[in-house]
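Take a look at the structure set out below.
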Amino acid sequence: MKKTVLFLMLLFCFSWVINAKNTEVYPTNWWVGMKTNSIQLLIRSIDASFTTDKVSINYPGITINKTYSFPNAKYIAIDITIAPETTAGDVFIELNQKSGKQKIKWPLYDRKPGNGTQYAQGVTSSDFIELIMVDRFSNGDTANDKVKGMRDQSLNRKEMYERHGGDLQGVINNLDYIQGLGVTALWFTPVMENDMEKRTEHGYAITNHYKIDQRYGGDIAYEKLSNQLHARGMKLIFDAVYNHIGSFHFLELDPPANDWVHRWPEYTQTNYREIPLFDPYGTKSDKKKMSDGWFDKIMPDINQENPFMANFIIQNCIWHIEKFGIDGVRLDTYTYNDLNFANRCNKAIMDEFPKISIFGEIMVHGVANQAYFEQNNIDTSFKSNLPSVVDFQSLYYGIIPALTEPFGWKGGVNQLYYTLSSDFLSKNPMQKVLLLDNHDEARFFSLMGENVEKQKMGFQWLLTCRGIPQLYYGSEVLMKGFKNPDGLLRADFPGGWKEDEKNAFTGKGMTEDEKSTQELVRKLANFRKNASAIKTGKMMHYTPVDGLYVYFRYDDNQTIMCVMNTSSSEKEIDFQKYDERTTGFISAKNVITEEIFSTSKKTAIPATKMWVLELNK
């Protein structure tokens with residue numbers, strides 16, 4: 001009899017383990033001591049349907065508030081509250097399926113120490129961000145180049161839309177180079193699982209929000225990278241995607257209900273027009289198409305008005321920050337989201353992590369258009385709580401025309417002057433993220449007609465203007481590419497693969513122009529680390545004259561004078577003309593060349609040159 005009882009007990013335990021493998025809980029875990037202590041658990045069965053939404057949890061401090069069933073009986077949801085006095089441990093959730101009762105283990109952890117000091121620190125104007133596409137940076141572990149069972153088994157560096165094999169270990173292996181370049185924060189295009197059939201290199205077609213893609217090294221590699229960055233005093237930025245999922249996401253292949261993404265009678269793409277969202281003369285239909293239309297056929301548009309989907313996304317953002325020690329959040333395709341939901345999500349993140357920084361991708365045309373989506377000084381019915389944005393206006397209508405168009409009343413460098421002068425619309429201009437290029441924009445070097453001096457001028461502006469500078473991997477070594485097609489913007493970093501003949505990490509095979517541009521970035525970015533005037537100081541600029549644009553970054557301890565000559569001829573520099581900032585200083589040192597000028601004497605800056613001068617008394 002005893003043997004029979006023992007056999008039955010073992011059989012029960014065995015079936016419990018089997019059932020647990022076929023059932024998933026999202027979020028996959030939580031933490032005690034979180035402000036966000038009211039959690040909605042989404043439970044998904046891979047095979048058998050749930051016979052009831054009745055659920056029990058017998059764990060001190062956890063209360064079930066409500067349970068939900070769905071048209072798809074493979075899902076149930078549970079609202080729980082985790083009391084402040086709850087201790088960490090394994091929570092067992094008991095539920096019912098056709099195969100009988102089962103228990104699921106759901107971990108509840110202690111929080112990591114250092115919220116706001118060791119992680120979730122925020123990314124500020126003292127930082128220098130590098131944007132990296134992991135698949136295209138460096139292959140540090142060839143064992144994960146292909147992962148059995150994943151849909152995309154491509155591996156061909158000669159094809160721009162196939163996988164190339166870069167991974168997080170490749171980034172880890174080259175942290176000395178990255179940090180030596182002056183970079184203090186890393187932002188990756190999404191590293192979550194993209195189990196799609198093709199075009200998986202960019203990361204924006206997420207298929208599982210709770211898995212780091214195994215081809216990048218999975219959760220282990222991402223945590224390792226985060227720890228190593230923080231040990232170096234560097235920061236990690238998470239690319240969050242509120243707007244869409246990949247078409248092979250389980251919430252699209254096997255959704256709890258049909259309204260978790262936006263459905264149309266026939267495929268309807270967004271109109272990519274943000275204007276109807278604030279246009280006083282706009283139509284509801286244009287607004288709906290903008291917000292609810294799909295970004296792409298393979299990227300279903302998330303219905304953020306569905307409360308379950310909204311909770312899923314918000315909780316996932318908080319989970320990622322706590323799990324991986326994120327310091328800042330970049331929000332993808334921000335203008336396409338339901339803006340009330342976006343405010344709610346932003347608030348939830350900032351309530352939990354008060355020092356974290358959040359900046360949105362606002363790829364629009366017009367300074368006022370951009371300001372509408374961030375914290376601003378505009379009197380509108382909708383008020384955004386988004387703290388900061390990627391400053392595409394200073395790119396499109398600033399530095400690009402400054403260096404490519406002839407000077408005129410409204411043209412050339414005057415466009416940069418006008419655009420920066422519109423900062424009065426924004427609450428936090430010093431938190432704007434500046435860029436020359438990124439994974440969606442033409443390489444700056446190509447836009448400059450492969451003019452090395454203009455590329456260097458761009459970097460000097462990037463690293464001295466107000467805001468947070470962002471480098472796109474490889475632009476420091478003159479990587480090229482126009483955006484049609486976008487794959488040309490996403491070439492491999494030279495030296496990231498063993499077989500590469502050119503190695504930008506070591507200098508092997510590089511041209512003198514590539515080396516000198518890389519060295520300029522390295523020298524100026526590292527100077528910037530100790531330049532209080534640039535990191536946190538004020539800005540003053542003078543009206544451009546005949547292609548010459550002069551601006552200052554200054555505080556009580558330091559004054560930096562930036563002189564940009566965008567014309568085709570040399571220009572006289574009379575320091576006395578800028579006496580509002582130069583009075584009291586006797587010399588000016590070029591921080592790149594270390595040449596010293598007397599401020600009591602006139603000098604001349606050559607054509608197509610920029611100087612960054614530290615003034616000294």
Side-chain angles (χ1 to χ4, degrees), residues 128-142 144-145 154-183 186-189 201-202 215-216 225 435-439 441-460 462-463 470-483 485-526 592:
F128 179 26
I129 300 169
E130 179 168 12
L131 165 60
I132 292 175
M133 292 191 70
V134 177
D135 183 64
R136 304 301 166 88
F137 188 68
S138 177
N139 190 348
D141 182 2
T142 57
N144 60 31
D145 287 357
S154 68
L155 186 69
N156 186 353
R157 294 181 65 198
K158 294 180 180 179
E159 294 294 329
M160 71 177 76
Y161 291 137
E162 295 191 6
R163 296 195 71 84
H164 292 188
D167 50 39
L168 293 166
Q169 186 60 48
V171 178
I172 292 169
N173 292 348
N174 292 293
L175 285 178
D176 284 346
Y177 169 81
I178 293 168
Q179 188 172 32
L181 198 61
V183 171
L186 290 185
W187 155 32
F188 304 105
T189 55
E201 85 287 351
H202 53 70
R215 293 162 297 194
Y216 295 147
L225 173 61
L435 73 162
L436 297 178
D437 41 24
N438 69 11
H439 59 294
E441 298 295 334
R443 290 277 184 176
F444 195 73
F445 188 50
S446 293
L447 288 177
M448 295 301 109
E450 301 184 18
N451 183 309
V452 176
E453 287 305 320
K454 289 186 177 182
Q455 179 81 356
K456 290 179 178 180
M457 291 175 74
F459 273 124
Q460 289 177 90
L462 180 77
L463 288 163
Q470 172 244 296
L471 165 74
Y472 184 38
Y473 79 96
S475 287
E476 78 275 18
V477 292
L478 306 180
M479 286 181 67
K480 298 178 285 189
F482 286 103
K483 65 185 297 182
D486 58 11
L488 295 175
L489 313 175
R490 304 166 182 179
D492 296 340
F493 188 86
W497 283 255
K498 289 189 298 183
E499 62 270 25
D500 289 355
E501 294 183 3
K502 179 185 290 186
N503 190 329
F505 296 122
T506 65
K508 176 187 173 185
M510 290 175 62
T511 67
E512 290 305 312
D513 284 339
E514 290 166 345
K515 288 180 181 179
S516 65
T517 306
Q518 183 186 54
E519 181 56 29
L520 180 143
V521 173
R522 181 182 290 120
K523 190 164 187 177
L524 185 52
N526 280 292
I592 302 299

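- In this structure, the separation between OH on Tyr472 and CH2 on Trp187 is 9.5 Å, given to the nearest 0.5 Å.
- For the pair Arg136 and Phe188, the cation-pi criterion (under 6.0 Å, within 45° of the ring axis) is not fulfilled.
- Separating the CD atom in Gln470 from the CD atom in Glu130 is a distance of 9.0 Å, to the nearest 0.5 Å.
- We find that Arg157 and Asp500 are joined by a salt bridge, their nearest charged nitrogen and carboxylate oxygen being less than 4.0 Å apart.
- To the nearest 0.5 Å, the span separating OH on Tyr177 from CZ on Arg522 amounts to 6.0 Å.
- Shown here for Gly166 and Trp497, the closest heavy-atom pair between the two residues is N-CZ2, 3.7 Å.
- Using modelled atom types, one side-chain atom of Gln455 and one backbone atom of Ser475 make a donor-acceptor pair closer than 3.5 Å.
- Remark: side-chain polar atoms of Arg490 are paired, donor with acceptor, to backbone N or O of His439 under 3.5 angstrom.
- Residues Phe444 and Leu436 come closest through the heavy atom pair CD1-O, 3.6 Å.
- The aromatic rings of Phe137 and Phe493 are tilted relative to each other, their planes meeting at an angle between 30° and 60°.
- In this structure, the side chain to side chain contact (heavy atoms under 4.5 Å, CB included) partners of Tyr161, at least two apart in sequence or on a different chain, are Arg199, Glu201, Pro485, Asp486.
- Taking each heavy atom of Ser446 and Gly481 in turn, the nearest pair found is OG-N, 2.8 Å.
- Side-chain atoms of Lys502 do not come within 3.5 Å of backbone N or O of Gly509 as any donor-acceptor pair.
- Residue pairs satisfying the salt bridge (charged side-chain N to carboxylate O under 4.0 Å, His left out) criterion with at least one member in residues 158-168, sequence neighbours excluded, are listed as follows: Asp135-Arg163.
- Here the closest non-hydrogen pair linking Leu478 and Phe445 is O-CD2, 3.4 Å.
- In this structure, Ser516 contributes its side chain and Asp513 its backbone to a donor-acceptor pair below 3.5 Å.
- Of all the heavy atoms in Leu181 and Asn526, the pair that sits closest is C-ND2, 3.9 Å.
- Contact between His164 and Asn139 at its shortest, heavy atoms only, is O-ND2, 4.5 Å.
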